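Scroll down for the structure; my scribbles are underneath it.
Protein chains get the first letters and strands the later ones, always in sequence-line order, with residue 1 at the start of each. From a predicted model like this one, the values you see are computed outputs, not experimental measurements.
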Amino acid sequence: MNNMYKSIVELHSLLKEGKVTSDELIKESLNKSYELQKKCNAFISIIDNAKECKITDDLLSGIPYGVKDNYSTKGVLSTGGSNTLKDYIPFFNATAYENLCNHGAIMINKTNMDEFGMGGTGTTGFTGTTLNPWDIKRMCAGSSSGSACAVSYGVYPYALGTDTGDSIRKPAAYCGIVGYKPTYGMISRYGVFAFASSLDHCGVLTRNVSDAAIVVDAMKGIDYHDMTTWDSKNINLYDSLNDNVKGKKLCYIKEYTDINLFPNANRELKEHLKNFKDKIEICKNLGMEVEEVSVDIRLLKAVSSTYRVISCAEATSNMSNLTGIIFGPRSRGNSYEEIMKNYRTEGFSPLIKRRFVIGSYVLQEENKDRYFFNAQRIRRLLVDKWKELFKKYDGVILPVGRGPALHFDSNLDDYDDDSTYLEDSLQIGNFGGFPSITIPSGFIDDMPVGLNITGNVYNDVEVLNIAYALENAMEYKNQIAKENKNEG
Amino acid sequence: MSKFTKEMIDDYAEKLLIGLTEEENKMVLDEFDEIDKNIGLINKIPNIGDIEPMSHCLDNFEFELREDDYHESVPLDVIFSNCDCMRDDEVKVPKVVE
């Protein structure tokens, strides 16, 4: 039985018609969770005592789902993937999770992630690496690695993620599913472990665009506890879905997509960019106008450093409360400084230490203008450029990364240095708080690849509709990881 | 030649009360070099200093003063559920005053 391969709407119909019970779905999802845990290490906690709930007219009622481990969940271990919080049990709920509880959604597990959401590989969480369910020799990317892995494997129809650089959208692409982060402030961040507050977004990973719309409709809303939220009660993403995109205008960036700019490109990149151009033709066949535009390459090549400087600086500040004294396992020491130092030195992974030291350096008075303020200036130039594009176009469409998921033992020498900046294009969506969605767009070497559509702030409906139309015109909707596909 | 040194990295880490291994120090040094190279390129963008730094992605936040609102405080037993070092209803903390 594979009910968990179905969409939210299909599951809701089955529940309403009494063809399946919520309890049966929970058991199926739990069984799948244990199966996947053995295979890919996708979870930090599995909630064996998850309880069924009353089936209402709410589409999410009684349906299992997963929660990334950096969402505070009352009474349930919430570690953020960090050894420093390995025993932390929150006494309150993140608002987005609480909203889903109010819709009758049933949390089945807490998903694995890079420590505090700061990695992009799914390899730095304290419980170990998440493996890609399409090929366990490859990574899922991160930081929402467990959520992407589980949705792709068919543990449930959706899981929550967070996205500070591309942490929902890149793992979604590498696992062949949909990853959507809405406009900044549409979903409250209250109770979600802060990484870089000006870039952090909540969002969802699903296997089709409709499910993403349904889940975000339930998660979103203005929140007394998060002053950056805005009132979106007049936006109903699911009801607004419409695949008539005739006359919509898209653009793609030459510097991200023209293979002639990468004379040393490897086969994967060549196939990836060719596949992307094929999908542009599908967009045109749907009646959309698609044009190539050019952006100053210096700005695009600065994206990565801009992101690293801003995110590390904000993270250093946000995580100053990780002292090992007010929460987290207390370390030994004769003074509070010694206790803190031992806690941080032994608890943080090398990646986190690196990020904090960089953050501290760029915030020093003597370095601030050269690093931090200049990064913020580049952020403005990039966001202004994208906003200028959005005056003419309904969205920017781009390939995700340079191809499929990397092998764990990939030799980075096989990759062309000149194209490294293609890995960072999605971070612009965080700089501007733009709504941004990744959908699966094909295969290279039997591994999924994706494309991304990003629109102007508050234009989530537009972005979802373009993704919805394109998804319906391709054959990758609702796909389940191949190694798992033939189980019946 | 790198403008960063091992000692500088250790000094910044110490300010954060973080200890680095030799290997971790080298990783930070390498990343600093890369960031610095890219920031060097950014500094060559004409009139970069005239641009207003962007600290947030939205610029239309509405700020308001709210009325005081009474909420029940969190019960002590719930608060203590995360505490492994306590006596009665008090948390044992390290000595901070000599």
Could you look at A:Thr316 and say if it's the side chain, the backbone, both or neither that has a heavy atom under 4.5 Å from chain B?
-> side chain
For B:Glu14, is it the side chain, the backbone, both, or neither that has a heavy atom closer than 4.5 Å to a heavy atom of chain A?
-> side chain
Heavy-atom distance under 4.5 Å between the side chains of B:Glu31 and A:Arg354, does that happen here?
-> yes
Name the region of A:Tyr307, side chain, backbone, both or neither, that has any atom closer than 4.5 Å to a heavy atom of chain B.
-> neither
A:Val383 versus B:Met54: any side-chain heavy-atom pair under 4.5 Å?
-> yes
Is the number of heavy atoms from other residues, nucleotides or ligands under 6.0 Å of B:Asp69 CG greater than 12?
-> yes
For A:Ile358, is it the side chain, the backbone, both or neither that has a heavy atom under 4.5 Å from a heavy atom of chain B?
-> both
Measuring heavy-atom distances to chain B, does A:Val362 have an atom under 4.5 Å in its side chain, in its backbone, in both, or in neither?
-> neither
Is chain B contacted by the side chain of A:Arg370, its backbone, both, or neither, given a heavy-atom distance below 4.5 Å?
-> both
Answer yes or no: does atom NZ of B:Lys15 have more than 12 heavy-atom neighbours from other residues, nucleotides or ligands under 6.0 Å?
-> yes
Out of curiosity, B:Ile42 CD1 to A:Leu381 CG, how far, rounded to the nearest 0.5 Å?
-> 9.5 Å
Could you tell me whether a side-chain N or O of A:Ser198 sits under 3.5 Å from a main-chain N or O of B:His56, the two making a donor and an acceptor?
-> no
Quick one: what part of A:Ile89 sits under 4.5 Å from any heavy atom of chain B, side chain, backbone, both or neither?
-> both
Contact class of A:Asp231 relative to chain B, heavy atoms under 4.5 angstrom = neither
Does some side-chain heavy atom of A:Ile378 sit less than 4.5 Å from a side-chain heavy atom of B:Ile45?
-> yes
Side-chain heavy atoms of A:Thr228 within contact of B:Leu58, under 4.5 Å | no
B:Val74 versus chain A, the contacting section by heavy-atom distance below 4.5 Å | side chain
Check whether any side-chain heavy atom of B:Lys37 sits under 4.5 Å from a side-chain heavy atom of A:Ser305, and report yes or no.
-> no
Whatever's closer than 4.5 Å to a heavy atom in chain B on A:Leu199 counts as neither
Is it the backbone or the side chain of A:Thr306 that comes under 4.5 Å from a heavy atom of chain B, or both, or neither?
-> side chain
Residue part contacting chain B, namely of A:Tyr343, when any heavy atom lies under 4.5 Å = neither
Lys/Arg N to Asp/Glu carboxylate O, A:Arg377 vs B:Glu52, below 4.0 Å = no
Show the numbers, then the answer: is there a side-chain contact (heavy atoms from CB on, under 4.5 Å) between A:Arg308 and B:Glu34?
-> CA-CA 11 Å; A:Arg308 270 188 284 180; B:Glu34 198 192 325; 3.0 Å; yes
Side-chain touch B:Ile51/A:Phe373, heavy atoms, less than 4.5 angstrom = no
Measure the shortest side-chain to side-chain distance between A:Pro350 and B:Met27 over non-hydrogen atoms and say whether it is less than 4.5 angstrom.
-> yes
What distance separates B:Ser81 OG from A:Tyr88 OH, expressed to the nearest 0.5 Å?
-> 9.0 Å
Contact part of A:Lys301 toward chain B, heavy-atom cut-off under 4.5 Å: side chain, backbone, both or neither?
-> backbone
How far apart are the C-alpha atoms of A:Lys341 and B:Ile18, what are their side-chain angles, what is the distance that settles it, and do they pass the side-chain contact (heavy atoms from CB on, under 4.5 Å) test?
-> CA-CA 5 Å; A:Lys341 187 166 179 183; B:Ile18 290 176; over 6 Å; no
Say whether A:Asp87 and B:Asn82, considering side chains only, have a donor N or O and an acceptor N or O under 3.5 Å apart.
-> no
Residue part contacting chain B, namely of A:Glu346, when any heavy atom lies under 4.5 Å = neither
Over 60° means perpendicular and under 30° means parallel, so classify the ring planes of A:His225 and B:His71, tilted if in between.
-> tilted
Bottom line for B:Phe32: the part with an atom under 4.5 Å from chain A's heavy atoms is side chain
Quick one: what part of B:Ile48 sits under 4.5 Å from any heavy atom of chain A, side chain, backbone, both or neither?
-> both
Regarding B:Asp36 and A:Tyr371, is there a side-chain donor-to-acceptor distance under 3.5 Å anywhere?
-> yes
